[in-house]
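Reviewing the structure listed below.
Source: prediction; values computed, not measured. Throughout, numbering of the chain's residues begins at 1 and tracks the sequence. Side chains are part of it too, since the values below use all heavy atoms of this structure and drop only hydrogens, waters and symmetry mates.
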Amino acid sequence: QVHLVESGGGSVQPGGSLTLSCAAPRSIFTEYGLEWFRQPPGKGREWIATISISGYTYYGDSVKGRFAISRDNGKNTIYLQMNSLTPEDTAVYYCHSMNDHWGQGTQVTVSS
């Protein structure tokens, strides 16, 4: 069973920052791109960002300029640095591999 393990969620005030992590098995990390999705309360799952195994990055319009995806090849981990957070960023954030494995999700709540 493949395990993608997210961490780093929590509560933050508007305008704040948070960094999420996703640890992947090395076999996944070295062969497939990895992505972040999120699912706000009562809404569908939204793609946020992708990082290829070569480090190319792609972002959804809703987070472009505020969020940054990165990878640490020594730790088999990707990150999502989230800045200038707003209440509309409140969601469960999921890590996804391009061979279609999902993490369990981590909750991010932006509220004053």
Side-chain angles (χ1 to χ4, degrees):
Q1 187 174 1
V2 174
H3 291 284
L4 301 177
V5 182
E6 301 100 335
S7 61
S11 296
V12 63
Q13 292 187 339
S17 299
L18 209 57
T19 301
L20 306 181
S21 302
C22 172
R26 184 157 183 80
S27 60
I28 298 294
F29 192 84
T30 57
E31 295 184 19
Y32 298 95
L34 291 164
E35 306 179 296
W36 288 100
F37 284 74
R38 67 184 179 186
Q39 186 163 14
K43 297 184 179 179
R45 199 166 289 189
E46 173 194 17
W47 169 74
I48 296 174
T50 297
I51 188 163
S52 73
I53 57 176
S54 300
Y56 289 103
T57 58
Y58 310 88
Y59 296 96
D61 289 341
S62 63
V63 303
K64 197 174 295 182
R66 298 188 301 126
F67 290 11
I69 189 171
S70 62
R71 57 190 289 140
D72 185 330
N73 293 334
K75 295 182 178 180
N76 300 330
T77 298
I78 65 166
Y79 302 95
L80 186 69
Q81 173 69 44
M82 305 184 294
N83 300 317
S84 302
L85 287 162
T86 75
E88 287 68 38
D89 296 314
T90 295
V92 179
Y93 284 70
Y94 295 92
C95 183
H96 177 254
S97 65
M98 297 294 278
N99 63 335
D100 206 26
H101 293 286
W102 292 91
Q104 81 287 354
T106 186
Q107 176 70 46
V108 172
T109 302
V110 184
S111 173
S112 56

To the nearest 0.5 Å, how far apart are CG in L20 and CD1 in I48?
8.0 Å
Before you tell me yes or no, could you show the steps for V63 and R38 under side-chain contact (heavy atoms from CB on, under 4.5 Å), namely the whole-Å CA-CA distance, both residues' side-chain angles and the distance that decides it to 0.1 Å?
CA-CA 11 Å; V63 303; R38 67 184 179 186; 4.0 Å; yes
Beyond-backbone contact of R66 with M82, side-chain heavy atoms, under 4.5 angstrom
no
Are L4 and Y94 close enough that some pair of their side-chain heavy atoms sits under 4.5 Å apart?
no
To the nearest 0.5 Å, how far apart are SG in C22 and CZ in F29?
9.0 Å
Do you know the tightest heavy-atom contact between I28 and L34?
CG2-CD2, 4.2 Å
Going by heavy atoms in the side chains, are D89 and F67 under 4.5 Å from each other?
yes
Check each of T77, T57, N76, I51 against R71 using the side chain to side chain contact (heavy atoms under 4.5 Å, CB included) test, and report the only one that passes.
I51
Output the distance between atom CD1 (I69) and atom OH (Y58), rounded to the nearest 0.5 Å.
11.0 Å
In the structure I gave you, are the side-chain heavy atoms of W36 and C95 within less than 4.5 Å of one another anywhere?
yes
Can you get from L18 to V5 by hopping between Ile, Leu, Val, Met, Phe, Trp and Tyr side chains that sit under 4.5 Å apart?
no
Could you check whether any side-chain N or O of Q104 sits under 3.5 Å from a backbone N or O of E6, counting only pairs where one atom can act as donor and the other as acceptor?
yes
Do Q107 and T90 have side chains that approach each other closer than 4.5 Å (heavy atoms only, starting at C-beta)?
yes
Are Y59 and I53 connected in a single hydrophobic cluster, I mean Ile/Leu/Val/Met/Phe/Trp/Tyr linked by side-chain heavy atoms less than 4.5 Å apart?
no
What about Y79 and W47, same hydrophobic cluster or not, with Ile/Leu/Val/Met/Phe/Trp/Tyr joined at side-chain heavy-atom distances under 4.5 Å?
no
Using 30° and 60° as the class limits, which term best fits the ring planes of F37 and H96: parallel, tilted or perpendicular?
perpendicular
Side chains of P14 and T86, heavy atoms from C-beta outward: is any pair under 4.5 Å?
no
What closest approach, in Å, do E35 and M98 show between heavy atoms, and which atom pair accounts for it?
CD-SD, 3.4 Å
In terms of side-chain heavy atoms, does S112 have a donor or acceptor partner in Q13 at a distance below 3.5 Å?
no
What distance separates Q39 CD from E46 CD, expressed to the nearest 0.5 Å?
10.5 Å
